[in-house]
Amino acid sequence: MLATLQPAPSWPTFRKLCQNEVKAWSSALLARRRYEICSPFFQQVKARMVTAVYDVKEAAWNMPALGLDSEASGSAQWQSACAVLMSQWATSLEEKKAEEGSPIFNGIASVTVTRGDLTTLPKPLSVTDFALEPMHGSHLRVAYQGVPGAYSEAAAHKAYPNCEAVPCEQFEAAFQAVELWLVDRAVLPVENSLGGSIHRNYDLLLRHRLHIVGEIQIAVHHCLLGLPGVKKEELRRVMSHPQALAQCELSLSKLKVTREAVDDTAGAAQFIAAHNLRDTGAVASSRAAEIYGLDILADGIQDDLDNVTRFMMLAREPIIPRNDRPFKTSIVFTLEEGPGVLFKALAVFALRNINLTKIESRPQRKRPLRVVDDANNGTAKYFDYLFYIDFEASMADPRAQNALGHLQEFATFVRVLGSYPMDMTPVSSPSRAESKDVIS
């Protein structure tokens, strides 16, 4: 907002410009249909921004305290002054939050609850819940889908150590939380080495205007959880996410239990603890057992130990591509129907020695079918596809720029979803010998 100010405006001009910025920003967003239900939130944002403007005014006209000349401040001085003042304002909020903070253990806020007191955990955001005040300052708020103890929460803390992880009920809520400035980032899964792509998030990437700014990979280590004192032989039912249940098929078959699918792994653990279900177990992480006061009845029960999930990190603004480290770029495009069209699209990368790491096709929601003339039968219907591609190159690389320029010559639509550093950290899964209490 402040970057658009002219050098050394008077206070009335400064106030008018700020108010106009606030009005234009909120009006532009309210004009979009999916934000109409959020008008109370924007009223709150406007009030907070106007308050911030007046906080700046109270100190900004005492410029000697900042070592600046109030009569002839240039644009750079104005931006520096406002940055200092807003940082001080944010710091005061941080100090208030710190007084109520919880200790940090291994980069994750320590949560200690009893099975009878689960109300102390943060309530997941839903797509209609936008009353939470945004956090200011350097402390990042990161949205993830699920409840505390989910693998997505672990991914959020791995991507942004010491962040404040904010649970969301659905993937859609996490996207909207970033767009509405409730959080700074979102960390969401896009594919699993066993279960494949999470198609819902690919669809949401196209629907929303967020940018991929990074990726993170974590090893999935499933545990069988139950109430204290319960033995695994006493279980009659096991609850978890459908993919988690499928990934532990052999181990669960040995127990001869009924499987029940729920929204997420940690949610299953939370449900068992809240309802004191002694005949029911959950497939979830060891952290979920710690949070909800459950025992680990069996450790490492997944059928395949090489179980890795890749997460994308989303933000409102893209990062600046660089060439000094390995980068990956994600794009989506559409093509006209015809022989060899997809081959030509992929050839623009092969000709420039650019390695493709993923290709995914999804039918277009608005145009799922294309009708074309057929000489023999009159008409024929074909699926109209979107193609998602990841390739190993930065958009700062001339090869990538030339490849996309070439692709645009015959693609009907091209969009860069993000150009971001590759996750080069090794992902280690424990061996079967290292896992204890495995179901046998």
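One is the number of the first residue; the rest follow in order along the sequence. Just so it is clear, the values below take in all heavy atoms, side chains as well, and ignore hydrogens, waters and symmetry mates.
Arg207 contributes no side-chain N or O that, together with a main-chain N or O of Asp203, makes up a donor-acceptor pair within less than 3.5 Å. Side-chain atoms of Asn201 come within 3.5 Å of backbone N or O of Pro189 as a donor-acceptor pair. Between the Asp423 side chain and the Gln217 main chain, a donor and an acceptor come within less than 3.5 Å of each other. A donor-acceptor pair under 3.5 Å links the side-chain atoms of His241 to the main chain of Gln243, judged by distance alone. At distances below 3.5 Å, not a single donor-acceptor pair connects side-chain atoms of Asp304 with backbone N or O atoms of Asn307. Between the Asn192 side chain and the Val308 main chain, a donor and an acceptor come within less than 3.5 Å of each other. Between the side chain of Asp184 and the main chain of Arg141, a donor-acceptor pair closer than 3.5 Å is present. In this structure, Arg399 contributes its side chain and Arg352 its backbone to a donor-acceptor pair below 3.5 Å. Ser285 contributes a side-chain N or O that, together with a main-chain N or O of Gly149, makes up a donor-acceptor pair within less than 3.5 Å. The backbone N or O of Met395 lies less than 3.5 Å from a partner atom in the side chain of Ser419, making a donor-acceptor pair.
Summarising the geometry, atom CD belonging to Glu164 is positioned 9.0 Å from atom NE2 belonging to His157; distances are rounded to the nearest 0.5 Å. Atom CG of residue Asp299 and atom CG of residue Leu225 lie 9.5 Å apart, to the nearest 0.5 angstrom. Here Arg236 contributes atom CZ and Leu255 contributes atom CG; the two are 10.5 Å apart, rounded to the nearest 0.5 Å. With rounding to the nearest 0.5 Å, the separation of CE in Met312 from CD in Glu191 is 10.5 Å. Between the OG1 atom of Thr357 and the CD1 atom of Ile389 there is a distance of 9.5 Å, given to the nearest 0.5 Å. Atom CG of Leu407 is separated from atom CG of Asn402 by 12.5 Å, given to the nearest 0.5 angstrom.
Between the side chains of Ser197 and Glu360, a donor-acceptor pair is found at a separation under 3.5 Å. Side-chain contact check for Ser240 and Thr265: no donor-acceptor pair (N or O, by modelled atom type) lies under 3.5 Å. There is a side-chain donor-acceptor pair under 3.5 Å between His208 and Glu179. In summary, the side chains of Asp397 and Asn323 do not present any donor paired with an acceptor at a separation below 3.5 Å, with no hydrogens or angles considered. Using modelled atom types and a 3.5 Å distance limit, the side chains of Ser330 and Lys358 yield no donor-acceptor pair. A side-chain N or O of Asn355 and one of Glu392 form a donor-acceptor pair less than 3.5 Å apart. Residues Ser286 and Glu290 have side chains that never bring a donor and an acceptor to within less than 3.5 angstrom of each other.
Between Ala159 and Val187, the closest heavy-atom pair is CB-CG2, 4.2 Å. Between Ile296 and Cys223, the shortest heavy-atom contact is CG2-CB, 4.0 Å. Between Val262 and Met239 the shortest heavy-atom distance is CG1-CE, 3.5 Å. Residues Phe327 and Pro321 share a closest heavy-atom pair of CE2-CA, 3.8 Å. Taking every heavy atom of both residues into account, Phe391 and Ile331 meet most closely at CE2-CG2, 4.0 Å. The two residues Tyr420 and Gly214 come nearest to each other via the heavy atoms CB-N, 3.5 Å.
Between Tyr385 and Phe387, the ring-plane angle classifies as tilted under the 30° and 60° cut-offs.
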*Step by step, work out the side-chain contact (heavy atoms from CB on, under 4.5 Å) result for Tyr292 and Ile272.*
CA-CA 9 Å; Tyr292 302 111; Ile272 291 171; over 6 Å; no
*So Val332 and Leu205, side-chain contact (heavy atoms from CB on, under 4.5 Å) or not? Walk me through it.*
CA-CA 10 Å; Val332 57; Leu205 273 174; over 6 Å; no
_Val183 vs Val142, side-chain contact (heavy atoms from CB on, under 4.5 Å): CA-CA, chis, key distance, verdict_ = CA-CA 6 Å; Val183 298; Val142 180; over 6 Å; no
_Before you tell me yes or no, could you show the steps for Glu169 and Gln145 under side-chain contact (heavy atoms from CB on, under 4.5 Å), namely the whole-Å CA-CA distance, both residues' side-chain angles and the distance that decides it to 0.1 Å?_
CA-CA 6 Å; Glu169 287 186 351; Gln145 188 274 329; over 6 Å; no
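Residue pairs meeting the salt bridge (charged side-chain N to carboxylate O under 4.0 Å, His left out) criterion with at least one partner in residues 408-418, sequence neighbours excluded, do not occur; the list is empty.
In this structure the side chain of Leu277 reaches within 4.5 angstrom of the side chain of Arg237, judged on heavy atoms. Contact check for Asp390 versus Leu356: no side-chain heavy atoms found under the 4.5 Å cut-off. Looking at Gln170 and Arg200, their side chains never come closer than 4.5 Å, going by heavy atoms from C-beta outward. Ile218 has its side chain within reach of Phe311: a pair of non-hydrogen atoms, C-beta onward, lies under 4.5 Å apart. Considering only heavy atoms from C-beta on, Arg185 stays 4.5 Å or farther from Met313 through its side chain. Put simply, the side chain of Gln302 does not reach to within 4.5 Å of the side chain of Leu194, judged on heavy atoms. Contact of the Val166 side chain with the Leu182 side chain is not registered, since no non-hydrogen atoms from C-beta on lie closer than 4.5 Å. Side-chain contact check for Asp384 versus Pro363: every heavy-atom pair is 4.5 Å or farther apart.
Within a 6.0 Å sphere centred on CG of Asp263, other residues, nucleotides and ligands contribute 12 heavy atoms or fewer. The local environment of CG in Asn353 is sparse, with at most 12 non-hydrogen atoms from other residues, nucleotides or ligands closer than 6.0 Å. Surrounding CZ of Arg322 are at most 12 heavy atoms belonging to other residues, nucleotides or ligands under 6.0 Å away.
Ring pair Tyr151/His222: centre-to-centre distance below 6.0 Å. Here the two rings, on Phe333 and Phe413, have centers that are 6.0 Å apart or farther.
Geometrically, Lys344 engages Phe410 in a cation-pi contact defined by less than 6.0 Å to the ring centre and at most 45° from the axis.
With respect to Lys231 and Asp295, no salt bridge is recorded, no charged nitrogen being found less than 4.0 Å from a carboxylate O. Comment: Lys328 engages Glu215 in a salt bridge, judged by a side-chain N to carboxylate O separation of less than 4.0 angstrom.
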